[in-house]
Protein chains: 2
Amino acid sequence: MKLTSKGRYAVMALVDLARFDNINPVSLRDISLRQGISLDYLEQIFSKLKKNEIVKSIRGTQGGYVLNKNPNDIKLTNIFNAVDEKVKTVQCKKESKRGCNGKATKCITHNLWDELEIHINTFFENKSLKDLINNNKETRV
Amino acid sequence: MKLTSKGRYAVMALVDLARFDNINPVSLRDISLRQGISLDYLEQIFSKLKKNEIVKSIRGTQGGYVLNKNPNDIKLTNIFNAVDEKVKTVQCKKESKRGCNGKATKCITHNLWDELEIHINTFFENKSLKDLINNNKETRV
DNA sequence: TCTAAACTTGACCATTTTAGTCAGGTATGT
DNA sequence: ACATACCTGACTAAAATGGTCAAGTTTAGA
Ligand code: FES
Ligand code: FES
């Protein structure tokens, strides 16, 4: 089970953004330089964050991105959903009664994987961008 | 974040094994048929489970595999470690002081990923093969 | 003793996913 | 006008995944 860079970058970038957006919009270029993430890749990521109304964009010179919600209302779940970083412990469709590889029934360990998925998602639901900023301020002191 | 088939199969196969190993060793062929997992793939998986002393093998006709420990002592952690299904929330080496892509310091969200990794691993450490067999018996009643 | 069942080993491979790059745009403050 | 910064879509190298295939060795049982 690994977390992809896309998901990791999305959170990193938003934490960076949340720290600096008090005064002016923050440009991807700045985030790219500060966090060491490819600018082109960041653009793909922010395109999705924008579609999911997590950030707003301001075009033109001195433009950039701004948070579209209170940091307290942006949960990791929202961020990961936006960039398609979903937790998948199974291959079969959830809605379907059938199991993996088109088997007629769900597998013998199916409950376990459901539990696992819930366990991980709970973590994401309980963690907001605000937690991360605060957490980091503490570290800085 | 997704769980790979290798990890999922390993657990499925062991639960199957644990259910049937009371009397005779269980052949991979049987597991393959019952659980719908490729025999050749199962062989790869069991080779690793054996190296990690989770199962024992008995060769020849009527041979097969048997658990090498009490089901209560086989945690998901052990199984996943055996088949290299590790939880990785970061790319950088844990021991190193340096961050991802050879950066001089760890990233701004590093604590978060450590927390996440611990959160997931806790689940795996607290779940044993015995839990899974019992759990499933309940479901069967 | 012969044979078939079952473990053992290692190489090989097609497909998918990942983590980007590249090449063009378009909008806008100064 | 022009530099800055967002916007869009196509493309791709490298890695991971989920297997397959081939060629063994061991041993119970007929
Ligand atoms: S994981 Fe698909 S059937 Fe259980
Ligand atoms: S994840 Fe590698 S530096 Fe934080």
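Chain letters run A, B, ... following the sequence lines, proteins first and then strands; every chain starts at 1. All of these numbers come straight from a predicted model, not from anything done at the bench.
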What I want to check is whether the side chains of A:Ser128 and A:Lys75 have a donor and an acceptor closer together than 3.5 Å. no
Given C:dG20, C:dT8, D:dT4, which nucleotide is nearest the side-chain atoms of A:Ser5? C:dG20
If you check every side-chain atom of B:Lys2, which of D:dT26, C:dT18, D:dC6 has the closest atom? C:dT18
For the pair B:Lys2 and A:Glu85, find out whether any cationic side-chain nitrogen is under 4.0 Å from an anionic carboxylate oxygen. no
Rounding to a whole Å, what distance do you find between A:Gln91:CD and D:dA16:C1'? 14 Å
Same cluster (ILVMFWY, side-chain, under 4.5 Å), B:Ile118 and A:Leu3: no
Separation of D:dT8 P from A:Leu42 CG (nearest whole Å): 16 Å
Does A:Leu39 or B:Asp30 map to a spot on DNA chain C nearer the 5' end, using the closest nucleotide for each? B:Asp30
Without decimals, in angstroms, what is the distance between A:Tyr65 OH and C:dT28 P? 14 Å
Nucleotide C:dT8, atom P - distance to CZ of B:Arg29 in whole Å: 18 Å
Ion pair present between A:Glu115 and B:Lys127, side-chain N to carboxylate O less than 4.0 angstrom? yes
For the pair made of NZ in A:Lys88 and C1' in D:dT17, what is the distance, rounded to whole Å? 14 Å
Once you apply a heavy-atom cut-off of 4.0 Å, does A:Ser47 come out as touching a base, just sugar-phosphate, or nothing? nothing
Select base, sugar-phosphate, or nothing to describe what A:Tyr9 touches, counting heavy atoms under 4.0 Å on all strands. sugar-phosphate
Is any side-chain N or O of B:Lys56 closer than 4.0 Å to OP1 or OP2 of C:dC7? no
B:Ile45 CD1 to C:dT8 C1', in whole Å, measures 15 Å
Of the listed nucleotides (D:dG18, D:dC7, C:dT21), which one gets closest to any side-chain atom of A:Gln44? C:dT21
B:Met12 CE to D:dG18 P: how many Å, rounded? 13 Å
Pairwise distance CZ(A:Phe123) to CD1(A:Ile120) - rounded to 0.5 angstrom: 10.5 Å
Contacts of B:Ile58 and B:Thr61 projected onto DNA chain C by closest heavy atom; the upstream (5') one is B:Thr61
Are any of A:Tyr41's side-chain N or O atoms less than 4.0 Å away from OP1 or OP2 of C:dT18? no
Which of the following nucleotides, D:dG19, D:dC6, D:dT25, is nearest to the side chain of B:Arg59? D:dT25
Presence of B:Lys6 side-chain N/O under 4.0 Å of D:dT17 phosphate oxygens OP1/OP2: no
Among the candidates C:dA4, C:dA6, C:dT8, find the nucleotide nearest to the side-chain atoms of B:Glu43. C:dT8
Which one, C:dC7, C:dT21, D:dG29, comes nearest to the side chain of B:Ser27? C:dC7
I'd like to know if the side chain of A:Asn126 reaches the main chain of A:Thr122, judged simply by a donor and an acceptor atom lying under 3.5 Å from each other, with no hydrogens or angles considered. yes
Separation of A:Lys50 atom NZ from D:dT8 atom C1', in whole Å? 12 Å
